[in-house]
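Position 1 is the first residue of the sequence, and the numbers go up from there.
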Amino acid sequence: MAKANGSGRPSRLFRNLNAKIAAIPMILTAMVVFVGFSLWTVVYSFTKSGLLPRRDFIGLTQYERLWSNAKWLISIQNLVIFGACMLIFSFVIGFVLACLLDQKVRFEGVFRTVLLYPFALSFVVTGVVWQWILNPDFGFQSIVRATGWESFTFDPLNNGKIVMLGVVIAALWQGTGFVMVLLLAGLRGVDDEIWKATRIDGVPAWKTYLFVVVPMLRPVFITALVIVTAGIVKVYDLVVAQTNGGPGISSEVPAKYVYDQMFLNQNLGQGFAASTMMLVTVAIIIIPWAYLEFGGRKRG
């Protein structure tokens with residue numbers, strides 16, 4: 001029988017006991033698969049592992065090689081560019097679209113389906129489709145030139161300086177609809193009385209959205225932020241399908257670098273070191289958020 005506190009209610013440890021027992025297998029699996037293998041990766045990143053893991057520890061040598069590798073440095077630079085563009089434009093465009101659909105427009109269901117449909121596609125399909133669209137011979141550039149603007153040039157996938165622009169466009173096309181749907185669900189949860197009060201006070205609609213509604217959607221924004229950020233850090237298949245890291249190494253990303261080192265170069269130690277750096281990046285983002293979101297709330 002569960003122990004009770006002075007008020008006769010079961011102690012916090014024994015509340016929802018059946019649910020906690022049912023969650024034990026999932027928790028153990030997560031601990032073994034995620035925590036266990038993450039620690040295993042970190043440990044072997046300090047070894048001279050090649051085709052197979054081996055306990056030949058060489059200290060920080062793999063990390064020194066990693067941060068002196070031009071391919072890794074370019075992949076980090078591309079990840080920062082890709083991440084900044086995705087976070088800014090996906091949230092701005094997604095929020096604007098959500099606000100427009102929140103006006104109870106006609107055929108809203110059709111618009112919502114059309115905008116969300118790209119999210120149902122795999123990144124491989126998206127990469128191939130946008131590789132065709134941005135092909136200068138029969139894609140967007142060719143169509144514009146056919147209208148009479150023969151000097152028009154837009155070929156990002158073959159230009160190392162702007163190749164990430166093509167990748168960002170494809171990613172925005174696929175992911176913005178998902179952000180829009182999350183924010184639209186949050187907007188639909190705003191009490192109608194708030195809108196009535198702002199109208200009575202003569203507050204413009206755009207100010208209501210920015211200064212009243214957006215702060216109320218903080219949990220929704222945080223959820224979308226975590227999901228989008230996770231997708232940014234692990235971006236791989238879109239790049240492989242669209243550019244395969246080219247031209248040259250100008251569109252390399254960390255996840256592709258890890259794959260290449262582990263399976264193409266048969267250098268597990270270097271791949272483990274790169275994986276560890278990606279893990280550290282995610283931890284730097286997630287741990288402060290989790291502390292502010294849950295630790296701060298508990299104290300308050």
Do any N or O atoms from the side chain of [X] and from the backbone of [Y] form a donor-acceptor pair under 3.5 angstrom?
| X | Y | result |
| --- | --- | --- |
| Q266 | Q261 | no |
| R145 | S151 | no |
| S251 | G245 | yes |

For the residue pair [X] and [Y], what are the closest heavy atoms and their distance?
| X | Y | value |
| --- | --- | --- |
| G109 | T113 | O-OG1, 2.8 Å |
| P254 | L79 | CG-CD2, 3.8 Å |
| K48 | Q62 | CA-NE2, 4.1 Å |
| Q103 | C99 | NE2-O, 2.8 Å |

Which residue pairs pass the salt bridge (Lys or Arg N to Asp or Glu O under 4.0 Å) test with at least one member in residues 254-279, sequence neighbours excluded?
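Applying salt bridge (Lys or Arg N to Asp or Glu O under 4.0 Å) to every pair that reaches into residues 254-279, excluding sequence neighbours, yields K71-D260, E252-K256, K256-D260.
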Contact list for residues 196-206, test salt bridge (Lys or Arg N to Asp or Glu O under 4.0 Å), sequence neighbours left out:
E193-K196
Show every ring-ring contact (aromatic ring centres under 6.0 Å, His included) that has at least one partner inside residues 95-128, sequence neighbours left out.
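Qualifying pairs, neighbours excluded: F119-F178.
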ring-ring contact (aromatic ring centres under 6.0 Å, His included) contacts in which one or both residues fall within residues 225-257, not counting sequence neighbours
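Qualifying pairs: W72-Y257, Y236-Y259.
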Taking the ring centre of each residue, are Y44 and W40 less than 6.0 Å apart?
yes
Taking the six-membered ring for Trp, is the centroid-to-centroid distance between F272 and F46 below 6.0 Å?
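Aromatic pair excluded; centres sit 6.0 Å or further apart.
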Run the ring pair (Phe, Tyr, Trp, His ring centres under 6.0 Å) test against Y209 and tell me which residues pass, sequence neighbours left out.
W195
Quick one: side-chain hydrogen bond (donor to acceptor under 3.5 Å, both in side chains) pairs with a partner in residues 73-95, sequence neighbours left out?
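Sorted pair list comes back empty.
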Calculate, to the nearest 0.5 Å, the distance between atoms OG and CG belonging to S45 and L268 respectively.
12.0 Å
Go through it in stages, so that I can follow the logic: the residues are V239 and N244, the test is side chain to side chain contact (heavy atoms under 4.5 Å, CB included), and I'd like the CA-CA distance, side-chain angles, deciding distance and then a yes or no.
CA-CA 6 Å; V239 173; N244 198 29; over 6 Å; no
